[in-house]
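For reference, the structure is listed below as structure tokens.
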Number of protein chains: 2
Amino acid sequence: MTTVKDTQGRDSDALPNPSAVGLVAVIVAATDGEPRALTVQVDGQAAGRSVGLPAGPLVPEHPTLERGLRAWVERQTHQRLGYVEQLYTFGDRDRQGDEAHGLHSLSVAYLALVREVRPAGLAEASWRNWYRYLPWEDFREGRPAALSEIERKLLAWAGETGDAKLKRRREDRLSLTFGLCDGAWNEERVLERYELLFEAGLIPEARGQSGAASPADIAVTGQPMAFDHRRVLATAIGRLRGKIKYRPVVFELMPPTFTLFQLQRTVEALSGTNLHKQNFRRLVAQQGLVEETDGVTSGATGRPARLVRFRREVLLERPAPGFRLRPAKRPV
Amino acid sequence: MTTVKDTQGRDSDALPNPSAVGLVAVIVAATDGEPRALTVQVDGQAAGRSVGLPAGPLVPEHPTLERGLRAWVERQTHQRLGYVEQLYTFGDRDRQGDEAHGLHSLSVAYLALVREVRPAGLAEASWRNWYRYLPWEDFREGRPAALSEIERKLLAWAGETGDAKLKRRREDRLSLTFGLCDGAWNEERVLERYELLFEAGLIPEARGQSGAASPADIAVTGQPMAFDHRRVLATAIGRLRGKIKYRPVVFELMPPTFTLFQLQRTVEALSGTNLHKQNFRRLVAQQGLVEETDGVTSGATGRPARLVRFRREVLLERPAPGFRLRPAKRPV
DNA sequence: CTCACTTATGCTCAAAGTGAGCATTGTGCC
DNA sequence: GGCACAATGCTCACTTTGAGCATAAGTGAG
């Protein structure tokens, strides 16, 4: 169903207008402090089977793209989608692993957040820790080991050009996205980092060899995915990391009741960084995002934690904590 | 070129995959403190000619959607596009003014910021103040007059349903997006407000009569546009209003040198609100966004202002002022 | 039963960041 | 010179943050 076979030759008479349009979904869950994405097996052409994101053709029966996606995913995975948001529309001709599908010239990507993690009804689907595909993005255990090697290779790539101006530009991008000099790592620039690695030829998918990476390479630049799906995943992570800062979307990933620390672990899992515990709970408290329940945790070591639940009302009260740019009282 | 004729019947054998894809561009400039969008004349079917956004078919020759759009717009309008960003992909079957085009089932919208405002080479193109189409979004002269009437009509719409639960929900959305009760107007919710008006039947386009609005209606709910282009415009404004808060994109709209007050006027034009002058300049100064030039303004009344220019370097230095969610020093 | 250990939760404090407004400085104009 | 006007400088109270210390309340070992 979601496997794609290279039935049609590409370069077919595709010049006139009609383009094939596909949908891709990044379905995210977070359990036990691990950020996970739903993946499926894809029948590859050259390198055998590989892993990709759930994808399918656009279904034109539905009134809305989003509703179509919702219905499609819920039917196939028996996963109820909570939050759904359009991510981006990818249309590069030279990406997407042409030889693999030859069909879609455009794919509309969606991000979905789900609450429960069932084994997923979709055949050959499974949940995978998303850092498996982008290992350099996880700073929770300190600076990722892979980063040193990545930086070395990227600097080499920047240096290998003769053009001094181009070299300078590459180095600038590098230090900007990977925070080389000033050490300012911006966790939202996931896509920019991935694209840089792609351009530098460190991503096997770029060479059309999704499956053909050595274990050593995988440890550094991560597990490849089918087509261009790692790019889609990178886009999703970047977007989500940005969003959690100003919209209460994390709660879509939480069970009905949870502890503040579980909430913190989830935010940390998504953002790939660690947070100051006391300040985190202060933030949550004073924003009025949760309310206490009677329950407490038990069994585990340490003092039991109070269980809280998300206050759905904040979606109405708080017109999305809009920072910056406060208007003045009177007109000029 | 950009006019669309209803050549093909819709409901054609459109069930199989191939869908027609179109591009739409919201090209924004700001001159004399007015926010402007580039519009073109559209050959309407029923209501005669009307105004719409530049749009055209997807050109598959280009490697990237964005590059395709860039080339296409620059060729047609002789406008050099500075900043370009993908906005959203619209795919509703029941919107987009079906009867008008019957062709596109999907359109990819882009936002572009341009610096110079020439009369535009595109035939029958012209710059229009964007509040002409969304008059309730401009708070610079105080609360827009149209808002009272809009609220009255929206409340009536909420009340006209028998279902108490639905009524409640409508009222919630209403007070959330229009900030009825708490008076918390969030200037970013442009699209949500437009959609609410659309659902409430206050947008003529919903009834397929783009041109058939009375002057009184236009004063309240704004000038209609062809197809679903007002929705695209609303999306663009909302996005831009959000973006200027955390990325230095306003400068794409400014001339090479400008005064801090001109900058403020531009930001105000986009956001539709007024800002505190002294605090605004303090913000700009301490962020190091601009550097002084030797020039000063002259001629006008009052003390001359120093001319400044955008410090392009900040694009490298400042990894996009990321607020909130500061990481802790050590792992756990 | 008490101690060691672990996690939850309360509270403080200094440093920045913000909102609002007063005061002063240059210019053109009469 | 005096006035109106806009630019620019500066103050001040008030919040919001970053960081850490201290205390509370469980578990398991002895």
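Worth saying up front: this structure is predicted, and the values here are computed from it rather than measured. Naming convention: chains lettered A, B, ... in sequence-line order (proteins, then strands); numbering from 1 in each chain.
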query: OP1 or OP2 of D:dT8 sitting under 4.0 Å from any side-chain N/O of B:R281?
result: yes
Taken to the nearest whole Å, NE2/B:H276 to C1'/D:dC12 is 13 Å
On a heavy-atom basis, the closest approach of A:R128 and A:T39 is CG-OG1, 3.5 Å
B:F261 atom CZ is separated from D:dC5 atom P, nearest whole Å, by 14 Å
Looking at A:R36 and A:E34, does any basic side-chain N land under 4.0 Å from a carboxylate oxygen?
no
Practice prompt. Kindly indicate whether the side chain of B:I237, heavy atoms from C-beta on, has any atom under 4.5 Å from the side chain of B:E137.
Written response: no
Kindly say whether, by distance alone, the side chain of B:R282 makes a donor-acceptor pair under 3.5 Å with the base of C:dG17? no
B:R303 meets the salt bridge (charged side-chain N to carboxylate O under 4.0 Å, His left out) criterion, sequence neighbours left out, with none
Hits for side chain to side chain contact (heavy atoms under 4.5 Å, CB included) against B:T293, two or more places apart or cross-chain, chain-then-number order -> B:T257, B:L307, B:R309
Nearest-nucleotide check on DNA chain C, A:L307 vs B:Q278; residue mapping nearer the 5' end is A:L307
Readout for nucleotides 25-30 of chain D: B = base within 4.0 Å of protein heavy atom, S = sugar-phosphate only, - = neither; 5' to 3' it is BSS---
When both distances are under 3.5 Å in a Watson-Crick or G-U wobble arrangement, the nucleotide paired with D:dT8 is C:dA23
